[in-house]
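In what follows, a single structure is set out as structure tokens and then discussed.
What you see below is based on every heavy atom in this structure, not just the backbone, and it leaves out hydrogens, waters and symmetry mates. Order of the sequence lines fixes the chain letters, A, B, ..., with proteins taken first and strands second; residue numbering starts at 1 for each chain. Here the structure is a predicted model, which means the values were calculated and not measured.
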Amino acid sequence: MAEHSKRFPVQHIIGFVLSIVLTLLAAWAALGSDLPVKWIITGIMTLAVIQAGIQLFMFMHMTERESGGGHVPWNMMFHGFVLAAIIVAGSLFTMSFGFTHDHEDGGNHQQEEKHEEQSGH
Amino acid sequence: MSAHELKSGPLEYRTQEGQMSILGFWIFLAAEIVLFSTLFATYAVLFGRTADAPAPGELFEIETVLIMTFLLLISSFTCGIAVHNMRKGAVKAFITWMVITLLLGLGFLGFEIYEFVHYAHEGATLQSAAYWSAFFTLAGTHGLHVTLGIGWATMILIQVAKRGFTPMTSRKGFIISLYWHFLDVVWIFIFTSVYLIGMVV
């Protein structure tokens, strides 16, 4: 990679333009499109992951051979993100799965569960 | 360490110490991802629990959020250009681009402070609801990182201005650039999962 001797930082400019396009696309998908909410959330989270990849690969020189670090930077980031996904998804699963946050509903929800338990026994 | 000094390649990688410091910083960044993931998890779990405070959809303004996002995005780009210049050995260009980066970072902070004050006036504070506690902790921790980054980068800029590029100063310059890009990575997820989803749901 003789990239550091290049006169013009082509990779940075491509990464920058892509980031701006992805940001605007995400904003439009969230606020301007008529897609169902589930699709919007899946879509914009995917766009976020792509944009994070752009930062890591195109701006942060994550896979540079001269670093002497081999695959360690890549490994660190990959495992960091895997842990993050487990922590966020796991917390949501244990704390919020099948539970509504509506304040008026909250009380009824618990009562219903009790009723079910009682009728079951 | 100087016995192993290489003759070619980026200056920051030429010594063993430089290589190891940069590698160590990647490990630090992985720990930062996990730190932020706990804050994101807390935020996600407490989502919707606004009690008597306003809902996020009522307070978030897409214009402000987009301006903040672009300020940070552009600063990440100018920081990349600064490192590009560092590798060409251009001290002046490096300092100029880094100063632009930091000014954009300050602009971001200004908007964030304005935003927080505005929310507090509308009745959304750290104490008003579980949701807002999680929000201010998450966004505030990111803002604190930006603040620290500005101070840290300023000190490195002073060193570079005094000593020029040595294996030591260019290693420090490279590490602050990793830190700065990483702040943008975290912000992308705050922008998407906090602001955009907060306005959609």
Side-chain angles (χ1 to χ4, degrees), chain A residues 3-7 9 11-13 15-16 19-20 22-24 26-27 29-31 37 40-41 44-45 47-49 51-52 55-56 58-62 64-69 72-77 79-81 83-92 94-96 100-103, chain B residues 6 8-10 12-14 16 18-20 22-23 26-27 29-34 36-38 40-42 44-49 51 62 65-66 69-70 73-74 76-77 79-81 83-85 87-88 174 177-178 181-182 184-186 188-189 191-193 195-197 199-201:
Chain A
E3 192 208 332
H4 52 89
S5 55
K6 258 189 209 164
R7 277 224 165 161
Q11 221 184 357
H12 284 98
I13 292 166
F16 179 57
S19 303
I20 288 198
L22 289 175
T23 303
L24 289 174
L31 304 170
V37 172
I40 290 177
I41 292 176
I44 59 180
M45 285 313 287
L47 291 177
V49 171
Q51 216 182 317
Q55 291 281 330
L56 289 166
M58 299 181 101
F59 286 179
M60 288 166 85
H61 312 268
M62 187 165 63
E64 215 160 36
R65 278 189 61 209
E66 293 95 324
S67 72
V72 175
W74 197 93
N75 263 298
M76 283 298 143
M77 290 299 104
H79 289 103
F81 278 110
L83 276 175
I86 293 171
I87 291 169
V88 173
S91 301
L92 275 173
T94 50
M95 302 294 289
S96 308
T100 50
H101 292 310
D102 300 331
H103 303 297
Chain B
L6 302 170
S8 64
E12 62 269 25
Y13 291 140
R14 286 192 201 175
Q16 173 100 38
Q19 290 191 352
M20 290 300 113
I22 290 165
L23 205 59
W26 281 104
I27 299 174
L29 288 183
E32 286 276 279
I33 293 178
V34 176
F36 275 103
S37 78
T38 61
F40 274 107
T42 311
V45 166
L46 296 175
F47 189 83
R49 307 199 166 215
I62 186 66
V65 177
L66 271 181
T69 305
F70 282 131
L73 207 60
I74 297 166
S76 188
F77 172 66
C79 180
I81 302 294
V83 168
H84 179 81
N85 279 297
R87 291 188 164 179
K88 288 197 297 189
F174 188 75
S177 86
L178 287 184
H181 292 310
F182 177 75
D184 197 43
V185 172
V186 175
I188 293 164
F189 287 101
F191 168 70
T192 307
S193 62
Y195 289 98
L196 288 186
I197 293 180
M199 282 185 273
V200 170
V201 180

Please identify, among [options], the residue contributing the most non-hydrogen atom pairs under 4.5 Å to chain B.
options                            : result
A:Leu56, A:Thr94, A:Ile41          : A:Ile41
A:Gly15, A:Ala84, A:Gly90, A:Ala89 : A:Ala84
A:Ala29, A:Ser67, A:Ala52, A:Ala30 : A:Ser67
A:Val37, A:Leu83, A:Leu92          : A:Leu92

Considering only heavy atoms and a distance below 4.5 Å, find which of [options] pairs most often with chain A.
options                      : value
B:Ile74, B:Ile22, B:Val201   : B:Ile74
B:Val185, B:Thr192, B:Thr42  : B:Thr192
B:Tyr195, B:Phe174, B:Phe189 : B:Phe189
B:Leu73, B:Val83, B:Ile81    : B:Leu73

Interface moiety of [X] toward chain B, non-hydrogen atoms closer than 4.5 Å:
X       : value
A:Ile40 : side chain
A:Ile13 : both
A:Ile86 : neither

Please name the pair of heavy atoms, one in [X] and one in [Y], separated by the smallest distance, quoted to 0.1 Å.
X       : Y       : result
A:Ile87 : B:Ser37 : CD1-OG, 3.2 Å
A:Ala27 : B:Ile62 : CB-CD1, 4.5 Å
B:Leu23 : A:Pro73 : CD1-CD, 3.9 Å
B:Gln19 : A:Gly68 : OE1-CA, 3.8 Å

Contact between [X] and [Y] at the side-chain level, heavy atoms closer than 4.5 Å - yes or no?
X       : Y       : answer
A:His61 : B:Arg87 : yes
B:Leu66 : A:Thr23 : yes
A:Met76 : B:Leu29 : no
B:Phe36 : A:Val88 : no

From A:Phe59 atom CZ to B:Ser177 atom OG, the distance as rounded to the nearest 0.5 Å: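 Result: 11.0 Å between the selected atoms.
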
Spacing of CE belonging to A:Met77 relative to CZ belonging to B:Phe182, to within rounding of 0.5 Å: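 Interatomic distance, A:Met77 CE to B:Phe182 CZ, rounded to 0.5 Å: 6.5 Å.
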
